[in-house]
Structures are given as structure tokens and as C-alpha cells.
Amino acid sequence: MAVHRSRDADVNAVAGGYLRDLAFAQSSQQKMFGYKRAAAAILALDVPLTDLVGPDGALPRIPGIGPGSTRVIREILEMGESPSVEQAIEGSDRREDIERRRQLRRHFLSRAEVRRVLSDQSFAGPALQQYRGDLQMHSEWSDGNPTVQEIADACLQRGYQYAAVTDHSYGLKIAGGMSMAEAAEQRRAIDDVNARCGNQFRLLQGIEANIDAAGRLDLADDEAAVFDVVLAAPHSRLRKDEDQTDRMLAAVAHPAVRILAHPRGRITGSRAGVIANWDAVFASAAQHGVAIEIDGDPARQDLDHTLASRALQAGCLFALDSDAHTTTQLSYAETALAHARLAGIPAQRIVNCWPLDRLLAWLSRPSSERRA
Ligand SMILES: [Zn+2]
């Protein structure tokens, strides 16, 4: 078959999007889950579909992809679009919902595109080798799986010099938020990990505090002071049409906050997250020495490179984090790095690219690093 290759198109993201459209056009739950699984498999592929087509035009078998999905993929490779998915949408009564979901999939990168961006030397942003440690991840102490020792081992394997475990604080019950008593116990477990690692690696105790509707944190000031790094993130009011600039301005002005994590709280194809005057939020973050996070969870990608370049203009620092809940998800940091490269963020503006002593100095005195 003739392979359609439009320049700069993330073909796996296009295919994953059409397969998700097709999933939502199904009336059978079983078929819906099948197409969702197929979409997830394509979005997680390491190589673009265009590279998988053999010289005879044949597509190899891809695990998780059935004949219906293969037909869609062939259409996309030949035409750049899928008439059969459009037909299925027309035959369903879901056109409006599917169009809404399409809008909520903008500026998401597939895994293959992340890898391409990381290996393309023409980008000015940070290289994978410059990344020294990940500052958002979850352990068994809240809604993650791994122990803190497993996290340290996996981070060492990735070549990191440090990382921060950032479990949810007690206000977020749904995510198993840690009580302050549990946080004290976790601190002892982290001290043990650090004693075993010597000066090879340093595990920090962070916390992901929840930003309430008024922009307050679910931590008192003396409680926040217990942690090495405080992230603040919105987990509610993420589907509202109203402006929430004041809420986000209050959060970045909080003296304990060092990182504004997944600033919008968007989820691909599902919700847009917080609506705010982001340029105002970024300007205030830059003034307060608060780093803006690029969350690399493939479903979040928050900020994406388009908003990140506006934060760069505003003079912000950045944190590029995985938001991993398992040790294999630590690779999500690469998604964040790809967005930073697309936005052209210099490594010196990225706190994860700093040596540990500079990171610790910033954590204790953010204003001293304001003009990074
Ligand atoms: Zn979160």
C-alpha cells in the first residue's frame, strides 16, 4: 500500500485518536473496551506505525490489535484519516460527545513521538542525560504500588542522583492521603533508604498537597514544613467552565509551595481541567520562585509544550516529573522531557537538571534562584 506520510504528523496519536472515537461510537460495551485497548496499545508503541509497514505494504501483527482496528490503521496509513470511523460515528448518535472528546486530545504525544523528539538533535531543550531526578511519584504510602526502597532502586537504575516521593496529603482521602503520623513513619523508612544508598543517591520526602476551591492547601504551615518539597495540585473543580485564576494565584503565592503540579488537571479525551488566565499564574509563579510542572503521565501531559512555552516567556522555572504510581511508570518522565524539548526550555530553567546541592538550596530559599 502507499504510505501517507505528512511531515511532523504523530501518526500513532492520530491512529490512537480514531480508535478512541470508534470505541465511543460502539453500543456494545465489550467492543468499546476492545477499541480502547487497541488505542492504548498504539499510543504506547515505541515506533511509529509508518515504520512497521513492510516493503510489501503488509502490517505485522501488533499485540492487542484486532482486525477491526487494523482496518482503521491501514486507512490512516494510506489516507491520513479514517472514513470508516467517520461512518461509524455518523451511524451512532454520539457525534457531539465524540467531537468534544477530540478537542480534549490536543497536544498529546504518543510514546513513539516522545522517543522521536528525545532523539532529534535539532531541539534546544533538555537531553535525557541532563535529567538528574524525578520530583513527583507515589508510593505504597498513598495510591502508588512501590515501597520507598523499590523506588530508590528503580531511580538508581535509571541513573538518577535524587528523587522525591510525593504521596498525597491527608486532605485527598480518595487517593489514600497520608496522615501526619504516617508521614513521620514514612520519613523513617526514607531515612533507612538514604542510609543504605550512601552518597550515591538521595531520596527526598515530598508531599502532593491538594488545592481546594479557594486555593488553600490541605496542610497547615507547620505540617508543610516537615517535608523536603511541597507540590500543590488541583484535584477538584476540573470540569467547570468558570475562570479559576484566583484559585491558582492563591496556590502559587503560598509560601510552602515549590512546584505547581499538573497545573490544569486535564485528562486526555475526558476533561479540560482548570480554566484560568495562565499568563497571570505563570507571572506570579516566576515571581514567587515556584516551578511549573510538566507532568509526564501520558493521560495528563500537563502542561503541554504550547502552554509550557508561555510559562517560559513568563520567566518560570520548571519541574519535569513522571507522576509514577509504579516503578515502570518512571519512564513517563520522558514524556515531560519531550514537551520541554518542543517548548525549547533551557536545562538551567529545569530544577530536575540541577545538581542536588543547588536543588536543596532552592528548596530552602526559592527566591535566591528566581533568576535561574
Ligand atoms: Zn495529583
Side-chain angles (χ1 to χ4, degrees), residues 104 108 133-146 148 151 163-179 182-183 186 204-219 223-224 227-240 244 247-248 250-252 254 256-276 278 281 285 290-304 307-308 311 318-333 335-336 339 351-352:
L104 297 174
F108 280 87
D134 188 340
L135 301 174
Q136 194 198 159
M137 64 192 67
H138 301 267
S139 76
E140 59 172 356
W141 292 85
S142 67
D143 59 349
N145 288 338
V148 288
I151 283 175
V165 183
T166 56
D167 283 302
H168 293 281
S169 57
Y170 57 78
L172 206 61
K173 298 272 184 299
I174 194 168
M178 272 193 307
S179 68
E182 288 168 325
Q186 187 196 43
L204 304 177
Q205 188 187 33
I207 190 84
E208 184 183 353
N210 184 45
I211 303 173
D212 79 4
R216 289 173 308 226
L217 303 190
D218 60 342
L219 278 179
E223 293 169 340
F227 300 96
D228 298 319
V229 51
V230 176
L231 282 59
H235 298 94
S236 61
R237 306 182 66 78
L238 305 178
R239 294 176 189 272
K240 302 280 182 202
Q244 300 188 56
R247 177 191 187 193
M248 304 316 285
V252 296
H254 192 294
V257 173
R258 290 294 172 271
I259 297 172
L260 181 63
H262 55 72
R264 284 171 293 181
R266 72 169 184 168
I267 294 291
T268 182
S270 170
R271 64 181 193 226
V274 169
I275 293 167
W278 289 107
V281 176
V290 169
I292 297 294
E293 186 182 70
I294 300 181
D295 184 310
D297 180 325
R300 292 189 180 272
Q301 305 194 29
D302 182 15
L303 304 180
D304 63 71
L307 260 188
F318 293 85
L320 313 185
D321 302 327
S322 67
D323 199 354
H325 288 67
T326 67
T327 52
T328 51
Q329 290 175 356
L330 289 169
S331 64
Y332 292 173
T335 310
H339 280 283
V351 299
N352 319 66

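For ligands, and for the atoms within them, numbers begin at 1 and follow the listed sequence.
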### Set of residues satisfying ring pair (Phe, Tyr, Trp, His ring centres under 6.0 Å) with respect to H168, sequence neighbours excluded
H138, H235
### Summary
For H254, the ring pair (Phe, Tyr, Trp, His ring centres under 6.0 Å) test, sequence neighbours excluded, returns none
### Query
Which residue pairs satisfy the salt bridge (charged side-chain N to carboxylate O under 4.0 Å, His left out) criterion with at least one member in residues 262-272, sequence neighbours excluded?
R264-D302, R264-D304, R266-D304
### Query
Which atom names give the shortest non-hydrogen contact between I294 and A308, and what distance separates them?
CD1-CB, 3.9 Å
### Minimal non-hydrogen separation, D297 against Y332, with atom names
CA-CD1, 3.6 Å
### Query
In the protein, how many N/O/S atoms are under 2.8 Å from the Zn ion (ligand 1)?
3
### Query
Roughly how far, to the nearest 0.5 Å, is CG of L172 from CD1 of I211?
11.5 Å
